[in-house]
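Side chains are part of it too, since the values below use all heavy atoms of this structure and drop only hydrogens, waters and symmetry mates. All values reported here derive from a predicted model rather than from experimental measurement.
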Amino acid sequence: LTDRLNNRKDGQIINSRWLNKVITPRKTTELPKALLSYFDYFLESKKTSLNANTIKKIKVFKHRLERYEHTHGTVYINEVDKRFALSLQRWCDRENYAHNTKVKTLKVLLTVCNHAKENGLPTSTQLPYITRGLKYQKTSHVHLDFEELKTIAATPMPDSRTEIAR
C-alpha cells in the first residue's frame, strides 16, 4: 500500500475508489488461446444473450472441431487463416459433410474468432477472408412416404454414428 501511495502519478487523486483498486485489484482472467477452449469461453460469455437452441448448435460446431483436432492436432486462434480453412474444408469433404455444413462451420468459426479478437487475442490477418467466396447452395427437400420410413427403420446400421443419424 505504501509503495503504491509513494509511486502514484502526479495529480492522481487519492480517495476511496483509489484505495479499493489498490486493496482489491480487479482479477484478470487469462483468455484461452486454444480454439476449443475459447469456444467454451465464448459460450460462457454469451449465455445470457444467445437462445438455448443457438448454444446447442454452437456446441455441435465445437464437437465437429474436436473431431478435426483428433486428426490434425490442437488449433490455436491465431492459426485460423485461409490455409486452416482449406484444411478444414478438405477434412469435411473426407468426412462426407454437406457443403452447407462446411459453410456454416466456417461462419461460426469466424464469429468465435472475431469475438476473441475483440477481447484482445491476436488473430491472423487472413481471418476476415476464411469465408470469402463461400455461398450456401440451394437444397432440394426430400419427402419420404411411410413405406420408405419403415424400410429405413428396419435396415441394420454398421456403427453407432449411422445409428444415431438414422
Undergrad: State plainly whether one hydrophobic cluster holds both Leu35 and Tyr129, where clusters connect Ile, Leu, Val, Met, Phe, Trp and Tyr through side-chain heavy atoms under 4.5 angstrom apart.
TA: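 Leu35 does not cluster with Tyr129.
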Undergrad: Got a sec, which residues hit side chain to side chain donor-acceptor pair (under 3.5 Å) with His72, two or more places apart in sequence or on another chain?
TA: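 None.
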Undergrad: Can you tell me how far the CD atom of Glu95 sits from the CZ atom of Arg90, to the nearest 0.5 Å?
TA: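 The CZ atom of Arg90 is 15.0 Å from CD of Glu95, to the nearest 0.5 Å.
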Undergrad: Once rounded to the nearest 0.5 Å, what's the spacing between atom OH of Tyr97 and atom CH2 of Trp91?
TA: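 Here the rounded value is 4.5 Å.
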Undergrad: Which atoms form the tightest heavy-atom contact between Leu43 and Lys59, and what is the distance?
TA: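 That closest heavy-atom pairing would be CD1-CG, 3.8 Å.
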Undergrad: Let me see the working for Asp93 and Lys102 under side-chain contact (heavy atoms from CB on, under 4.5 Å), right down to the final yes or no.
TA: CA-CA 8 Å; Asp93 288 337; Lys102 290 188 299 188; 2.7 Å; yes
Undergrad: Rounded to the nearest 0.5 Å, what separates atom OG in Ser37 from atom CD1 in Ile77?
TA: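 Interatomic distance, Ser37 OG to Ile77 CD1, rounded to 0.5 Å: 8.5 Å.
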Undergrad: Would the distance check show the side chain of Gln126 and the main-chain N or O of Lys82 forming a donor-acceptor pair, the cut-off being under 3.5 Å?
TA: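 Answer holds: yes.
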Undergrad: Run the side-chain donor-acceptor check on residues 146-158: report pairs under 3.5 Å with partners two or more places apart or on a different chain.
TA:
unit_1: Glu148; atom_1: OE1; unit_2: Asp145; atom_2: N; d: 2.9
unit_1: Thr151; atom_1: OG1; unit_2: Glu147; atom_2: O; d: 2.9
unit_1: Thr155; atom_1: OG1; unit_2: Thr151; atom_2: O; d: 2.6

Undergrad: Rounded to the nearest 0.5 Å, what separation is found between the OG1 atom of Thr48 and the CD atom of Glu44?
TA: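 So the gap between those two atoms works out to 9.5 Å.
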Undergrad: Donor-acceptor pair, distance only, cut-off 3.5 Å: does the side chain of Glu69 make one with the backbone of Val75?
TA: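 Yes.
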Undergrad: Name every donor-acceptor pair, under 3.5 Å, that has one atom in a side chain of residues 103-117 and the other anywhere in the protein, sequence neighbours excluded.
TA:
unit_1: Thr105; atom_1: OG1; unit_2: Arg64; atom_2: NH1; d: 2.7
unit_1: Thr105; atom_1: OG1; unit_2: Thr101; atom_2: O; d: 2.7
unit_1: Thr111; atom_1: OG1; unit_2: Lys107; atom_2: O; d: 3.1
unit_1: Asn114; atom_1: ND2; unit_2: Leu110; atom_2: O; d: 3.3
unit_1: His115; atom_1: ND1; unit_2: Tyr38; atom_2: OH; d: 2.7
unit_1: His115; atom_1: ND1; unit_2: Asn119; atom_2: ND2; d: 3.2
unit_1: His115; atom_1: NE2; unit_2: Ser45; atom_2: OG; d: 3.4

Undergrad: If you round to the nearest 0.5 Å, how far is CD of Gln89 from SG of Cys92?
TA: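 Output value for this atom pair is 7.5 Å.
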Undergrad: Quick one: pull up CD1 in Ile58 and NZ in Lys46 and give me the separation to the nearest 0.5 Å.
TA: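 One finds 9.0 Å between CD1 of Ile58 and NZ of Lys46.
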Undergrad: So, for Leu121 and Pro32, which heavy atoms are closest and what is the spacing to 0.1 Å?
TA: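 Closest pair (atom of Leu121, atom of Pro32, distance): CD1-O, 3.3 Å.
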Undergrad: Go through the side-chain N and O atoms of Asp159 and Thr162 and say whether any donor and acceptor fall under 3.5 Å apart.
TA: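 Yes, Thr162 and Asp159 have a side-chain donor paired with an acceptor closer than 3.5 Å.
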Undergrad: Given side chains that start at C-beta, do those of Leu65 and Leu88 come closer than 4.5 Å, heavy atoms only?
TA: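 Result yes, sub-4.5 Å side-chain heavy-atom pair found.
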Undergrad: What do you reckon, are the aromatic ring centroids of Phe84 and Tyr68 less than 6.0 Å apart?
TA: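 Close enough - the centres of the two rings lie under 6.0 Å apart.
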Undergrad: Taking all atoms of both residues into account, what is the closest heavy-atom pair of Asn100 and Lys135, and its distance?
TA: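 Closest approach of Asn100 to Lys135, heavy atoms only: OD1-O, 4.5 Å.
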Undergrad: Identify whether Phe61 and Ile55 are in the same connected component of the hydrophobic contact network (ILVMFWY, side-chain heavy atoms under 4.5 Å).
TA: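 The answer is yes; both residues are in one hydrophobic cluster.
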Undergrad: Determine whether more than 12 heavy atoms belonging to other residues, nucleotides or ligands lie under 6.0 Å from atom CZ of Arg67.
TA: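 Counting neighbours around CZ of Arg67, more than 12 heavy atoms of other residues, nucleotides or ligands fall under 6.0 Å, so yes.
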